[in-house]
Amino acid sequence: MRRVINACRYSLAGLRAAWRHEAAFRQELVAGVPLIVFALWWAPDRWQALLLVGSIVLVWLVELLNSAVEWLADAVSSQPHPLLGRAKDMASAAVMLSLLLAVATWAVVFWP
């Protein structure tokens, strides 16, 4: 049970760190929470609500991983390195793809 409590504490610390240090995460969270409320209220059915909420949560997850890659790369070396730059670019591309998936999901659910 102690391991579960510690894991929860570490996870909350990670969310606090992301909120404090990552402007993109804050922006996505502030934009996403009202969208989730909207989705739960206006989605045509439960499965579509799940897809809408899941697409927003996926953006948050990918942004957290992107931030972790960026922080880790910066901790490894303060000098520019092509491989670290490539890793950061790929993580950023993952965020972009998750955002495009979220937009597509919302468009499909609410397109007339």
Side-chain angles (χ1 to χ4, degrees):
M1 190 63 180
R2 188 74 187 149
R3 184 185 162 296
V4 172
I5 292 169
N6 286 338
C8 288
R9 195 168 44 232
Y10 301 144
S11 298
L12 291 174
L15 288 172
R16 280 192 300 274
W19 178 261
R20 275 191 221 122
H21 302 289
E22 293 297 326
F25 181 75
R26 285 192 302 273
Q27 291 167 348
E28 291 160 355
L29 197 64
V30 167
V33 168
L35 286 172
I36 287 175
V37 172
F38 179 83
L40 294 174
W41 188 262
W42 286 100
D45 64 43
R46 290 183 298 176
W47 292 107
Q48 289 174 329
L50 179 63
L51 287 172
L52 295 171
V53 171
S55 71
I56 299 299
V57 173
L58 179 66
V59 170
W60 296 342
L61 292 170
V62 176
E63 184 62 53
L64 287 169
L65 293 171
N66 175 52
S67 297
V69 167
E70 289 181 354
W71 282 98
L72 185 59
D74 292 345
V76 168
S77 175
S78 60
Q79 301 299 317
H81 190 282
L83 294 178
L84 291 176
R86 188 179 308 157
K88 291 168 89 171
D89 290 347
M90 288 176 166
S92 179
V95 173
M96 180 188 67
L97 290 175
S98 72
L99 286 166
L100 290 173
L101 177 62
V103 169
T105 301
W106 282 73
V108 166
V109 169
F110 287 115
W111 194 264

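The figures here come from the full heavy-atom set of this structure, side chains too, leaving out hydrogens, waters and symmetry mates.
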Whether Ser11 side chain and Ala7 backbone form a donor-acceptor pair below 3.5 Å
yes
Here the gap from Leu101 atom CG to Met96 atom CE, rounded to the nearest 0.5 Å, amounts to 12.0 Å
Can you tell me how far apart CD (Glu22) and CG (Leu29) are? Round to the nearest 0.5 Å.
13.0 Å
Test item: Val76 and His81 side chains (from C-beta on) under 4.5 Å apart, heavy atoms
no
Determine whether Trp41 and Ile36 fall in the same hydrophobic cluster, where Ile, Leu, Val, Met, Phe, Trp and Tyr are linked whenever their side-chain heavy atoms lie under 4.5 Å apart.
yes
When rounded to the nearest 0.5 angstrom, what is the spacing between CG in Leu61 and CD1 in Ile56?
11.5 Å
Between Trp71 and Val95, is there shared hydrophobic-cluster membership here, with clusters defined by ILVMFWY side-chain heavy atoms closer than 4.5 Å?
no
With the 4.5 Å side-chain cut-off for hydrophobic clustering, are Val57 and Val30 part of the same group?
yes
Counting only heavy atoms not in Arg26 (residues, nucleotides, ligands), do more than 12 fall under 6.0 Å from its CZ?
yes
Count I, L, V, M, F, W, Y as connected when their side-chain heavy atoms are under 4.5 Å apart, and connections chain through other members. Are Leu51 and Val103 then in the same cluster?
no
Shortest non-hydrogen pair, Val109 vs Gln48, comes out as CG1-CB, 4.0 Å
Is it true that Trp19 and Leu35 fall in one hydrophobic cluster, defined by side-chain heavy atoms closer than 4.5 Å?
yes
Side-chain contact, heavy-atom cut-off 4.5 Å: Phe25 with Leu15?
yes
Here the pair of heavy atoms bringing Asn66 nearest to Ser92 is OD1-N, 3.3 Å
What are the two closest non-hydrogen atoms of Val33 and Trp60, and how far apart are they?
N-CZ2, 3.9 Å
Would you say that Phe38 contacts Leu52 through its side chain, given a criterion of any heavy-atom pair below 4.5 Å between the two side chains?
no
Asn6 side chain near Arg3 side chain, heavy-atom distance below 4.5 Å:
no
Taking the side chain as everything from C-beta on, heavy atoms only, tell me whether Asp74 gets closer than 4.5 Å to Leu84.
no
Glu63 CD to Ser98 OG distance, which is reported to the nearest 0.5 Å
8.0 Å
